[in-house]
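In the text below, chain A, chain B and the rest are named by the order of the sequence lines, each starting its count at 1.
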Amino acid sequence: MAHDAHDHHHKESFITKYIFTQDHKMIGKQYLVTAIIMGGIGIALSALFRLKLGWPDDKFPLLESILGSDAAPDGLLDSNWYLGLVTLHGTIMVFFVLTGGLSGTFSNLLIPLQIGARDMASGLLNMIAYWLFFISSSLMAASLFIETGPAMAGWTVYPPLSVLEEFQPGSGLGMTLWLLSMAVFIASSLIGGINYIVTILNLRTKGMTMTRLPLTIWAFFITAILGVLSFPVLLSCAVLLLMDRGFGTSFYMSDIVTSSGALDATGGSPILYEHLFWFLGHPEVYIILLPALGITSEVISTLSRKPIFGYRAMIGSMLAIGFLSFIVWGHHMFMTGMNPFLGGVFTFTTLLIAIPSAVKVFNYITTIWKGNVIMTPAMLFSIGSVSTFISGGITGIILADSALDISQHDTYFVVGHFHIVMGMTAILAMFAGVYHWFPKLYGKMMNLRMGMVHFWFTIVCGYGVFIPMHFLGEGGMPRRYYENTNFPMFDHFLDLNVLISIFATIGVIAQVIFFFNFIYSSFRGPKASQNPWNANSLEWTTPVEHIHGNWYGELPVVYRWPYDYSKPGKENDFVPQNVPLDADEEEH
Amino acid sequence: MENKFIIVVVVALFIIALMQLMKVYDLAAKIRGEKSEEKVTRGENIFNANMLIVFMLTYFGFIIWLIFKYGMNGGLFDAASVHGQEIDSLLLFNWWVILPVFFLTNGVLFVFSWKYYYRQERKALYFPHDNRLELIWTIVPAVALSAIVIYGLKTWNDIMFNDQEGAKVVEVYGFQFGWWTRYSGDDNVLGKADYKLITASNPLGVITSENIQNSYNYLDGEVEKINLLLSESKNDEGEYFLSANNVDSLIGRMERFKRQKYRIKSAIDRGDQNDSVYKSANDDVLVQELHLIKDQPYAMKFRSKDVIHCPWVPHLRMQINAVPGMETSFNFTPTTTTQEMRAKPEVIEHYRVINEIHNERLKKLGEKEEKVEFNYLLMCNKICGAAHSNMKMDVVIETAEEFNSWIAEKQTYAQKASE
Ligand code: HEM
Ligand SMILES: [Cu+2]
Ligand SMILES: [Cu+2]
């Protein structure tokens, strides 16, 4: 790398420093801010459509003033728009907040800092990846403002529903924007992912062997590999859909009759789409989860003042999860009429994933056992994240079972399950990451008490929303229903839906605490010291102020793993990675 | 307008309150001489540790309360089908394995976090790994999961490879937004169908010679209509006064109808009135409700006209996608008639509650009271558009006599054609 300590002198203009920057720290911040904005939109959408589910008969003038009179005439949400809001909520949360946002922020911030590199392998590609992400976010958000509404076929946009405007208005322009946005998003993910992989493989500082990497880096590494292997499949899947929509092909369509007669399409199959989609779709949930698990590993070890238990087992289980995630996609398709034998195979592979996941959970718990747990907001969020990982993982065992899926598939049980295991686990971990690394991001401290209050609101409301959904599902209530009142058999759930909506509203409003803390602290927060949490990894050896090239002078040299907390015979309860081993000291 | 104003005020007050709170904290910390934002105080450690326990107890309590209030299958009762009962026992078995794990693992997590909260005088245990422990918690889940997999796959295979002799063939057909049911009649064979024949009078595209003729008539009629429209929309110079787009789309439609007719001619029409293809639909019966005979095995077939739908009968634990372009199937045997179900004490009690809630809501809406009775229902469980949440079909389970007298009143395809 050409950078060295001398070249941070030259002056930078506002534009090269804050906008078209190639500095990984600034790019990380750009990802974070974009993700927070998208997260605000996504979460607000859920609060809006929860109004309809909680109070199906009431009118909310608020809805009309926010969404316009096409979407909510007289304050009553339109049923097409309901599906549109659900679709964009899901898409934004999954792809923009928890894929682009989570990986983008922390991979960018932490990879160079924790492996001891001056920057990413290619700053230019890194910048391009961010701007593609920005463009795709804007396209997706823009689709909320068109008259016929955004894509409405669910975040999985199954054809034929997503192909013809005749089937639902959102399958017109809204769906086109959705596909364009996703295509750009995929390009961004691929460019970003390749950059992360190359950086981790090539730019580790002296002494930073693969088995001395913090678990965050391992998580980002495996995540990037999953993304690079699976996103191209989604791209081809989307391109075929685009062709079916615009160019009269019939990859996914056959034997279809609309109000204007029989279509010409023959020979295609929507099931082909589902296979292609879920070949990405399942690895995708681990693309979301692994960075979250990486962050919690790091935070839990640091703030329990105790080495992460079973470092190698943690890496091994992440690798196992990563590998298995490619051979389980069929569990989303048990009910498509696929060959039952195949269903059995997918049940088996899916339940296999539970084993490495269980190992991870037990390792977290053992890390806390006999630790010295400091209750920073980051630690609280990490404990919460492990708890949701357990709670949601447990119900995954039920959904993995093809026989049980007959009575659970596409009910609210599924909604409860994936929100807890993927949504909450990853969101809580993302918050943990922001609180923990805020001093690195902005050189300031966030307010700890507000962080604690934010945590308690979030976990209580999160469970308050999603645990009851399991009961709705067990009662047979289908998901993606605009209203349940057409079925009096669900009337005994009216009050439960009110409860869920109340929790959801409070939970969403409580995020204002975070927004406020984040913005206030980034401008006026107290200045951070260099290593506020007494942590071992290399990012805490960099100066508080951001400099180009990360370290003044030489790069640090690494002599040990990052988890030497409370090591016997040491004066402090932490030993940074760049401290040489004592003459008689064993590595671990 | 007022609402907006109130919301703005509330949000503003909330933010101001937060700011004041921060100021107070910062001041207090300054007075104590701490650098407030880096150290979690002893009091805060204890407070949060205790909160973790309070939270855990509330969380567990909440779940147990929900179980008592709504039950493990919230108002679905014992499954009313043979395979449904197998699914329910499997589900129960799974819960018995995983619920203890859930409480235990979550419990240990919260209790450890509480017990080992930070105290300056303590030092954490340096315990980086232990192969024996790690082996244990790889093997124990593996064993538990093996049991779940074996039991699960056995049930799955029982349900999916269940080709019982004498199963009656019935078809359910989904469309935006509703369902058709077709009974296969005495021959127990569904007459062949083709989507190209679908018209208003032949919603499933069933192949009979009348239907083919009707389709020709219909398509010719449509072509005629468009032709007429086009010729009427020309001015004296022979130019269209419709927009070019409109003309194109009309011509496109017309071409499509012509193609459709051609495809019917070449692929479906056998020319020979007596071909057996035309016969097997004769005894089929088309209705819009699903009547099933108790203890009678069924081989259900599913198709869709437009997008993916998903017939879902919660009380029977029956679900499978209906996919355009292919046929899916599900075999099962219902075990409880609607009447038997209505007579069960737990059903009576449940519907007493449902009626109360239901009518309270109707009253609020200013609508007439109505009595809700237990009914099996088939609903759509795959997102399919605006009325996805209103795609329902009544399902009635009854005795063979009741079924026979019900179906006897329905017209077969042959009867309809001869009218
Ligand atoms: C305040 C927090 C949230 C609330 C109240 C909420 C609520 C909901 C509800 C009610 C649905 C509709 C379920 C259905 O009808 O199928 C839904 C769908 C969904 N949510 Fe959330 N959610 C929240 C946060 C999240 C998060 C953090 C994620 C991140 C993974 C997420 C991902 C999704 C996805 C993927 C869907 C499926 C969309 C679809 O069916 O197409 N949500 N959410
Ligand atoms: Cu999956
Ligand atoms: Cu449907």
Query raised in the report: What part of A/Ile271 lies closer than 4.5 angstrom to a heavy atom of chain B: side chain, backbone, both or neither?
Result: side chain
Query raised in the report: Where on A/Tyr482 is there a heavy atom nearer than 4.5 Å to chain B: the side chain, the backbone, both, or neither?
Result: both
Query raised in the report: Taking the side chain from A/Gln168 and the backbone from B/Cys384, do they hold a donor-acceptor pair closer than 3.5 Å?
Result: no
Query - Contact class of A/Leu380 relative to chain B, heavy atoms under 4.5 angstrom - result: side chain
Report task. Go through the atoms of A/Ser304 and report whether side chain, backbone, both or neither lie under 4.5 Å from a heavy atom of chain B. Result -> backbone
Report task. Given side chain to side chain contact (heavy atoms under 4.5 Å, CB included), test A/Asn363 with B/Trp137 step by step and report yes or no. Result -> CA-CA 9 Å; A/Asn363 284 357; B/Trp137 54 62; 3.1 Å; yes
Query - Basic-acidic side-chain contact under 4.0 Å: A/Asp410, B/Lys382 - result: yes
Report summary line: Contacts of A/Thr347 meeting side-chain hydrogen bond (donor to acceptor under 3.5 Å, both in side chains) (sequence neighbours excluded), chain-then-number -> A/Ser402
Query raised in the report: Hey, is CZ on A/Phe348 packed in by over 12 heavy atoms from elsewhere, all under 6.0 Å?
Result: no
Query raised in the report: Can you find a heavy atom in the side chain of B/Tyr117 that is under 4.5 Å from one in the side chain of A/Asn372?
Result: no
Query raised in the report: How far apart are the C-alpha atoms of B/Tyr126 and A/Asp564, what are their side-chain angles, what is the distance that settles it, and do they pass the side-chain hydrogen bond (donor to acceptor under 3.5 Å, both in side chains) test?
Result: CA-CA 8 Å; B/Tyr126 188 79; A/Asp564 271 341; 2.7 Å; yes
Query raised in the report: Are side-chain heavy atoms of B/Asp306 and A/Val257 found at a separation under 4.5 Å?
Result: no
Report task. Answer whether the closest heavy-atom distance between the side chains of B/Val323 and A/Thr336 falls below 4.5 Å. Result -> no
Query - Atom pair OG (A/Ser260) and CZ (B/Arg256), whose distance is rounded to the nearest 0.5 Å - result: 4.0 Å
Report task. Would you mind checking which part of A/Ile383 comes under 4.5 Å of any heavy atom in chain B, side chain (CB onward), backbone (N, CA, C, O), both or neither? Result -> both
Report task. Indicate the ring-plane relationship of B/His350 and A/His492, choosing parallel, tilted or perpendicular according to the 30° and 60° boundaries. Result -> perpendicular
Query raised in the report: Are B/His388 and A/Tyr481 close enough that their ring centres sit under 6.0 Å apart?
Result: yes
Requested in this report: Give a yes or no on whether the backbone of A/Gly343 and the side-chain of B/Trp156 come within a donor-acceptor separation of less than 3.5 Å.
Outcome: no
Query raised in the report: Relative to chain B, which segment of A/Val361 carries a heavy atom at a distance below 4.5 Å: side chain, backbone, both, or neither?
Result: side chain
Query raised in the report: Out of curiosity, A/Ile406 CD1 to B/Ile87 CD1, how far, rounded to the nearest 0.5 Å?
Result: 4.0 Å
Query raised in the report: Would A/Asp573 and B/Arg122 pass as an ion pair if we require N to O under 4.0 Å?
Result: no
Query raised in the report: When you check the side-chain N and O atoms of A/Trp456 and B/Asn48, is any donor under 3.5 Å from an acceptor?
Result: yes
Query raised in the report: Most heavy-atom pairs under 4.5 angstrom with chain A, which of B/Leu52, B/Leu99, B/Asp88?
Result: B/Leu52
Query raised in the report: Looking at the rings of B/Phe161 and A/Phe341, which for Trp means the six-membered one, are their centres under 6.0 Å apart?
Result: no
Requested in this report: Go through the steps to decide whether B/Arg361 and A/Thr485 satisfy the test side chain to side chain contact (heavy atoms under 4.5 Å, CB included), and finish with yes or no.
Outcome: CA-CA 10 Å; B/Arg361 170 166 171 265; A/Thr485 43; 3.4 Å; yes
Report task. Test side chain to side chain contact (heavy atoms under 4.5 Å, CB included) on B/Lys115 and A/Trp369 and set out the steps. Result -> CA-CA 9 Å; B/Lys115 185 161 176 208; A/Trp369 176 69; over 6 Å; no
Report task. Could you tell me whether B/Arg119 atom CZ has more than 12 heavy atoms of other residues or ligands within 6.0 Å of it? Result -> yes
Query - Sub-4.5 Å side-chain heavy-atom contact between B/Leu133 and A/Phe362 - result: no
**Report entry** A/Met375 side, atom CE; B/Met51 side, atom CE - distance, nearest 0.5 Å
**Finding:** 11.5 Å
**Report entry** Minimum side-chain heavy-atom gap A/Asp57-B/Lys364 below 4.5 Å
**Finding:** no
Query raised in the report: Which bit of A/Val163 comes within less than 4.5 Å of chain B, counting heavy atoms only: side chain, backbone, both or neither?
Result: neither
Query - Proximal component of A/Leu164, with respect to chain B [non-hydrogen, under 4.5 Å] - result: neither
Query raised in the report: How long is the gap from CD1 on A/Ile368 to CZ on B/Phe110, to the nearest 0.5 Å?
Result: 9.5 Å
Query - Test item: B/Glu44 side-chain N/O and A/Arg449 main-chain N/O as donor-acceptor pair under 3.5 Å - result: no
**Report entry** Gap between atom CD1 of A/Ile355 and atom CG of B/Leu145 - 0.5 Å precision
**Finding:** 5.5 Å
Query raised in the report: When you check the gap from the basic side-chain N to the acidic O, do B/Lys196 and A/Asp255 get nearer than 4.0 Å?
Result: no
**Report entry** Counterpart residues, ring pair (Phe, Tyr, Trp, His ring centres under 6.0 Å), relative to B/Phe330 (two or more places apart)
**Finding:** B/His83
Query raised in the report: Does atom CD of B/Glu360 have more than 12 heavy-atom neighbours from other groups under 6.0 Å away?
Result: no
Query raised in the report: Should A/Pro307 and B/Phe127 count as side-chain neighbours, where that means a heavy-atom distance under 4.5 Å?
Result: no
Query raised in the report: About how many Å separate OG1 of A/Thr395 and CH2 of B/Trp95, when rounded to the nearest 0.5 Å?
Result: 6.5 Å
Requested in this report: Give the member of B/Leu316, B/Thr199, B/Ile67, B/Asn375 that has the highest number of heavy-atom pairs under 4.5 Å with chain A.
Outcome: B/Ile67
**Report entry** Ring center gap for B/Phe62 and A/Tyr463 short of 6.0 angstrom
**Finding:** no
Query raised in the report: Heavy-atom distance under 4.5 Å to chain B: side chain of A/Ala265, backbone, both or neither?
Result: backbone
Query raised in the report: A/Phe490 versus B/Met379: any side-chain heavy-atom pair under 4.5 Å?
Result: yes
Report task. Establish, from distance only, whether the side-chain atoms of B/Asn106 and A/Ser391 form a donor-acceptor pair under 3.5 Å. Result -> yes
Report task. Would you indicate whether the side-chain heavy atoms of A/His409 and B/Gln319 approach each other to under 4.5 Å? Result -> yes
Query - Test: B/Lys392 cationic atom under 6.0 Å from A/Phe487 six-membered ring centre, within 45° of axis - result: yes
